[in-house]
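Here's the structure we're looking at; comments come further down.
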2 protein chains.
Amino acid sequence: MADRLVRTKGFNAFSYKDIAAPLDVKNAAIHYHFPAKSDLGIGVIDNEITKFAASTAKWKKLPEDEQLVKLFDVFRKHNHAGNICLMGSLATDYETLSPEMQQRVHQMGSSILQWLTNCLEQGRKNKRIHFKGTAEARALMIMSNLQSSLLLSRVLGPAAFKKIAAQLLADLC
Amino acid sequence: MADRLVRTKGFNAFSYKDIAAPLDVKNAAIHYHFPAKSDLGIGVIDNEITKFAASTAKWKKLPEDEQLVKLFDVFRKHNHAGNICLMGSLATDYETLSPEMQQRVHQMGSSILQWLTNCLEQGRKNKRIHFKGTAEARALMIMSNLQSSLLLSRVLGPAAFKKIAAQLLADLC
DNA sequence: TTGCTTACTTACTACTAAGTAAGTATATTG
DNA sequence: CAATATACTTACTTAGTAGTAAGTAAGCAA
C-alpha cells in the first residue's frame, strides 16, 4: 500500500490520507500504527529488505546466471505494474529523509550491491557470467541500469526497460 | 536556483519560499515571474534542454569518443556538487507533474537519447567506440547508468559514480 | 508631466499536511 | 465479571502550501 505509493508518487508526494482513504479508515488510524511519516517509510524499506533477503535465499541453489534472470524478473514485474524501484524513488528524495530512513536506504543499497557482487564473482568463476573489470563495478552498473530503466520507462515508454534488460543480459550471459 | 532545488530536494519537496528567501524577496515575487509551480518546472526543463543543445553543438567537431567524455564530465561535475540529474529527479515525480511538464520531460529524454544514439552510431563507424547490439539500446544503457550513478552516489557514497563512469568508458573506448 | 510598465510588497484565501488528545467499541484475559 | 489492551473515531492544532488581489515605488516613453 504505502510501498506502491512511494513507487508511484514518491515519498514526499503522498499523504496519510492516500493510505487511509482506500482502506476506509481515518487519517489518525494510520498514525496509530505509524506515529510519524518516517516510521511509515522505515516500514516500507524494512519490508523490502526482508523480501529481498527471502528471495535471494530461495534462489541460492540456482546457477548464477539464472539468479540474475530472477532478479531481472522482479524488475520486469515492477515495470509492468508502472512502479519504479524503491532505491530509485528514495534516492531522489534522500536529502529530505530522516536520518533513520537514510540509514535504511543505505542498508538496502548495500545489501543489494553485496549480493549482486557476490553473484557476479561466483558466476565468473563458474564461467556462467562474463564481464570485464571488477565484480563490484559491474554490480553497480547493473544496479544502476535496472534502477534507471524503470525511471526511463515511465518517461520514454515501457519498451525502454525491455531494451535495456535484454542488452544487459546478452552482454553478461 | 530552482534547478539546484529540483536536483537536491526534488520537485515536490521544495516551495516558493525556498526560492524567494535566499533572494531576499517575498513569495509573491516568484509568483509574478512564474504564476504556477508548473511554470517554474517548465522553466527549469527548458533551460536544461537549451543548455544541452548548446553543449552538444559545441562538441560537434570533436571525435565521438571525446564527445562522450564531455558528456560524462557534465555528470562528474553534478556528482561533485551533490546534484542528481534532472531526468532522474523528474522521472521519479513524473506521475505527479502537470501534463505540460510531463511533455517537456519526455522531450528532454528524447533529445538526449537521440543525440547519444547518433553519437554511438557515428563512433562505431569511425571505430572510436565499440559495443554490441543496437546503438539505441546502448544509448539507453549509458543514459540509465549516468542517471543512476548520481542517485547511487548519494546513497552509497560519491565513489559509486566514479566506478561506474570508469568502467563504462573502459567498456566503450 | 502624465501615463504606462516592471517588479515587486502586503495581506490575504483556501487548502492540505503531519501530528495529537481524548473518547469509544470490541475483543481478550485473569 | 472486571480489567485491560487493541484498533480505531472524532475533533482538533499547528504549520506549511500554492496562489491571488490590491497597492506601490521606480524607471521609461511620448
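Chain A is the first sequence line, chain B the second, and so forth, proteins listed ahead of strands; every chain is numbered from 1.
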- Query: Cation-pi between Lys9(A) and Tyr94(B): NZ/CZ under 6.0 Å from ring centre and within 45° of the ring axis?
  - Reply: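 Verdict for Tyr94(B): no cation-pi partner in Lys9(A).
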- Task: Test the Lys37(B)-Phe14(B) pair against the cation-pi criterion, namely NZ or CZ under 6.0 angstrom from the six-membered ring centroid and within 45° of the ring axis.
- Result: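 Geometry flag: set, cation within 6.0 Å and 45°.
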- If a pair satisfies ring-ring contact (aromatic ring centres under 6.0 Å, His included) and one of its residues is in residues 139-173 of chain A, list it, with sequence neighbours excluded.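 Passing the test, one end in residues 139-173 of chain A: no pairs.
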- List the protein contact pattern of nucleotides 6-24 of chain D with one symbol per nucleotide (5' to 3'): B for base contact, S for sugar-phosphate-only contact, - for none; contact means a heavy-atom distance under 4.0 Å. SBBBB------SSBB----
- State which residues pass side-chain contact (heavy atoms from CB on, under 4.5 Å) with Pro63(A); sequence neighbours excluded, sorted by chain then number.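 Here the qualifying residues are Asp65(A), Glu66(A), Arg128(A).
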- Message: Can you tell whether the side chains of Arg7(A) and Glu48(A) come within less than 4.0 Å, N to carboxylate O?
- Response: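 The answer is yes: the pair qualifies as a salt bridge.
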